[in-house]
Participant: 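Starting off with a structure, shown below.
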There are 2 protein chains.
Amino acid sequence: MSQEMEHCQQQLKEKGYKFTNQRKTIIEILLSSQKHLLTAGQIYDETRQKNLPLNYSTVYRNLETLLESGLVKRVSLQDGTASYEYNRHRHHHHLICLKCHDAEMIDYCPYEDINRYIKEHTTFYPVEHRFEIYGYCEKCRKNMKRD
Amino acid sequence: MSQEMEHCQQQLKEKGYKFTNQRKTIIEILLSSQKHLLTAGQIYDETRQKNLPLNYSTVYRNLETLLESGLVKRVSLQDGTASYEYNRHRHHHHLICLKCHDAEMIDYCPYEDINRYIKEHTTFYPVEHRFEIYGYCEKCRKNMKRD
DNA sequence: ATTTGTGCAAAGAGTTTGCAACCAT
DNA sequence: ATGGTTGCAAACTCTTTGCACAAAT
């Protein structure tokens with residue numbers, strides 16, 4: 001079992017959750033997918049492709065559990081769909097392609113400037129932030145040029 | 001009819017849409033609500049409170065129409081719900097309260113810095129961005145202290 | 001008069017829940 | 001053994017669609 005998996009097992013244990021095969025499957029899918037963000041549906045489909053079919057309710061319930069355990073993060077995108085990523089504990093944001101819907105990570109975060117602005121101009125107490133850039137990835141731009 | 005309304009009428013006309021009472025109702029609700037962002041459901045409820053009840057499909061279809069005409073903007077929030085605001089054509093972002101779910105606008109936008117970063121570090125072509133801060137508004141903080 | 005828009009009802013997507021059987025610890 | 005977990009089916013929420021009738025231009 002990979003080091004990453006060991007970590008997951010331990011993390012679940014700490015929260016009183018079991019390390020079931022279904023959870024393992026979901027984590028493996030998140031870890032190995034080329035896509036950086038996966039929807040519940042994509043994860044569901046992937047379990048079938050892997051011949052480890054899970055029920056939809058199992059997928060949803062476990063994503064919730066993994067979220068609570070801090071093992072995955074949820075991002076809900078502009079179009080209202082929720083996507084999940086394995087939590088690599090490094091703060092980042094996403095560049096999301098409007099064509100292929102895949103995401104790249106960027107380390108850039110405008111938080112500090114924002115925070116200063118909010119403190120100076122408002123009475124709001126910030127807790128978290130959400131920041132995404134939508135556009136076109138290199139691959140899709142090349143494909144578009146070709147057509 | 002208010003100047004804002006005249007503008008809406010004209011804008012719809014330009015796109016070949018009619019200026020129906022139902023659309024007027026929705027625009028009025030968006031213009032007059034204390035909340036800065038309203039969900040389709042909240043708009044639906046409000047039409048009943050105003051004794052100008054609209055059907056859900058009318059609400060959804062017209063929000064789509066108003067969106068196309070550039071009269072409203074849609075923001076889909078962290079929890080996956082879509083909210084709408086009257087488009088005041090001034091670029092801004094939102095401070096969204098995790099308790100009362102109301103939103104404040106801020107003029108601050110990190111776009112320029114982001115854009116520079118993306119150009120320098122990636123091959124991504126940015127088109128639009130999404131940026132929200134979640135936290136607690138003054139009113140809710142005061143209420144919490146009291147309890 | 002024409003064309004778009006409305007209300008109704010029904011269908012669709014995505015997600016959640018109750019329950020009996022099951023499995024990890 | 002036992003308490004969390006699964007699969008199934010059904011429910012639920014939010015949103016969309018087809019259609020006949022109504023309203024705006």
Side-chain angles (χ1 to χ4, degrees), chain A residues 1 5-6 8-27 29 37-48 50-69 71-72 74-84 101, chain B residues 1 5-6 8-27 29 37-48 50-69 71-72 74-84 101:
Chain A
M1 188 158 59
M5 270 298 171
E6 305 255 8
C8 292
Q9 178 166 30
Q10 193 191 325
Q11 200 68 20
L12 285 167
K13 198 176 195 172
E14 269 177 31
K15 298 264 179 177
Y17 295 124
K18 290 174 180 169
F19 189 57
T20 63
N21 287 321
Q22 288 87 338
R23 284 174 187 158
K24 225 181 292 183
T25 301
I26 293 175
I27 294 166
I29 287 170
L37 293 172
L38 291 174
T39 64
Q42 288 171 327
I43 293 168
Y44 173 88
D45 293 343
E46 194 65 27
T47 63
R48 277 148 220 254
K50 281 200 159 198
N51 270 313
L52 295 164
L54 301 188
N55 194 275
Y56 252 119
S57 50
T58 305
V59 172
Y60 278 110
R61 278 194 281 232
N62 281 332
L63 285 171
E64 213 58 46
T65 305
L66 296 172
L67 217 54
E68 255 180 59
S69 314
L71 293 171
V72 311
R74 170 156 54 196
V75 184
S76 88
L77 303 182
Q78 210 177 37
D79 61 5
T81 59
S83 289
Y84 300 83
H101 300 104
Chain B
M1 190 158 58
M5 269 299 171
E6 305 255 8
C8 292
Q9 178 166 29
Q10 192 190 327
Q11 200 69 18
L12 284 166
K13 198 177 195 172
E14 268 177 32
K15 298 264 180 177
Y17 295 125
K18 291 173 182 170
F19 189 56
T20 63
N21 287 321
Q22 287 87 339
R23 283 174 189 160
K24 226 181 292 184
T25 301
I26 293 175
I27 293 166
I29 287 170
L37 292 172
L38 292 174
T39 64
Q42 288 171 327
I43 293 168
Y44 173 88
D45 293 343
E46 194 63 28
T47 64
R48 281 158 209 250
K50 281 200 160 201
N51 269 313
L52 296 164
L54 301 189
N55 194 275
Y56 252 119
S57 49
T58 305
V59 173
Y60 278 109
R61 278 193 282 231
N62 281 332
L63 285 171
E64 212 59 46
T65 304
L66 296 172
L67 217 54
E68 256 180 57
S69 314
L71 293 172
V72 311
R74 170 156 54 198
V75 184
S76 88
L77 302 182
Q78 207 177 38
D79 61 5
T81 59
S83 288
Y84 299 83
H101 300 104

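Chain A is the first sequence line, chain B the second, and so forth, proteins listed ahead of strands; every chain is numbered from 1.
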Participant: Can you check the B:Leu77 CG to D:dC14 P distance for me, whole Å?
Facilitator: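 So the CG-P distance, B:Leu77 to D:dC14, works out to 14 Å.
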Participant: Contact between A:Leu67 and A:Leu63 at the side-chain level, heavy atoms closer than 4.5 Å - yes or no?
Facilitator: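 Answer no - side chains too far apart.
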Participant: Looking at B:Ser76 and A:Gly80, what are the two nearest heavy atoms and their distance?
Facilitator: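 Between these two residues, the closest heavy atoms are OG-N, 3.7 Å.
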Participant: What are the two closest heavy atoms between B:Thr39 and B:Ser83, and how far apart are they?
Facilitator: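 Scanning both residues, the minimum pair turns out to be CG2-OG, 3.6 Å.
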Participant: Within a radius of less than 6.0 Å around NZ of A:Lys13, do more than 12 heavy atoms belonging to other residues, nucleotides or ligands occur?
Facilitator: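 No.
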Participant: Grab the CG-C1' distance between B:Asp45 and D:dT13 for me, whole Å please.
Facilitator: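 The answer, rounded to whole Å, is 14 Å.
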Participant: Nucleotide range of DNA chain C contacted by chain B, 5' to 3', under 4.0 Å to a heavy atom?
Facilitator: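 First and last nucleotides in contact are C:dT3 to C:dC8.
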Participant: Name every residue in residues 13-22 of chain B that has at least one heavy atom under 4.0 Å from any atom of DNA chain C, in order of residue number, or write none if there are no such residues.
Facilitator: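 By residue number: B:Tyr17, B:Lys18, B:Thr20, B:Gln22.
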Participant: Could you give the OH-to-C1' distance, from A:Tyr44 to D:dG7, as a whole number of Å?
Facilitator: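 Going from A:Tyr44 (OH) to D:dG7 (C1'), I get 11 Å.
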Participant: Under the side chain to side chain contact (heavy atoms under 4.5 Å, CB included) rule, what do B:Ile29 and B:Lys50 come out as? Steps first, then yes or no, please.
Facilitator: CA-CA 9 Å; B:Ile29 287 170; B:Lys50 281 200 160 201; 4.0 Å; yes
Participant: Rounded to whole angstrom units, what separation is found between the CG atom of A:Leu54 and the C1' atom of D:dC8?
Facilitator: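 One finds 14 Å between C1' of D:dC8 and CG of A:Leu54, rounded.
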Participant: For nucleotides 17-19 of chain D, tabulate all protein N/O to nucleotide N/O atom pairs closer than 3.5 Å, reporting atom names and distance.
Facilitator:
{"from": "D:dG18", "atom 1": "O6", "to": "B:Arg61", "atom 2": "NH1", "distance (Å)": "3.3"}

Participant: On DNA chain D, does the nearest nucleotide to B:Gln9 precede the nearest nucleotide to B:Gly80 from the 5' side, or the other way round? Give the residue.
Facilitator: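 The 5'-side residue here is B:Gly80.
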Participant: Between B:Thr47 and B:Leu54, is there a donor-acceptor pair closer than 3.5 Å when you use the side chain of the first and the backbone of the second?
Facilitator: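 Yes; judged by distance alone, with no hydrogens or angles, the pair exists.
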Participant: Is there side-chain contact between A:Leu12 and A:Thr20, with heavy atoms separated by less than 4.5 Å?
Facilitator: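 They are not in contact (no side-chain heavy atoms under 4.5 Å apart), so the answer is no.
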Participant: Measure the distance from CG on B:Asn62 to P on D:dA23 and round it to the nearest whole Å.
Facilitator: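 Rounding to the nearest Å, CG of B:Asn62 and P of D:dA23 are 15 Å apart.
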Participant: Between B:Arg48 and B:Tyr44, is there a side-chain heavy-atom distance shorter than 4.5 Å?
Facilitator: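 Yes, their side chains come closer than 4.5 Å.
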Participant: With a 4.5 Å cut-off on side-chain heavy atoms, are B:Met5 and B:Gln9 touching?
Facilitator: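 They are not in side-chain contact.
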Participant: Could you tell me whether a side-chain N or O of B:Arg23 sits under 3.5 Å from a main-chain N or O of B:Asn62, the two making a donor and an acceptor?
Facilitator: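 No.
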Participant: Rounded to whole angstroms, how far apart are CD on A:Glu64 and P on D:dT6?
Facilitator: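 Checked: the CD to P distance equals 14 Å.
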Participant: What are the two closest heavy atoms between B:Gln42 and B:Leu37, and how far apart are they?
Facilitator: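 Closest pair (atom of B:Gln42, atom of B:Leu37, distance): OE1-O, 3.8 Å.
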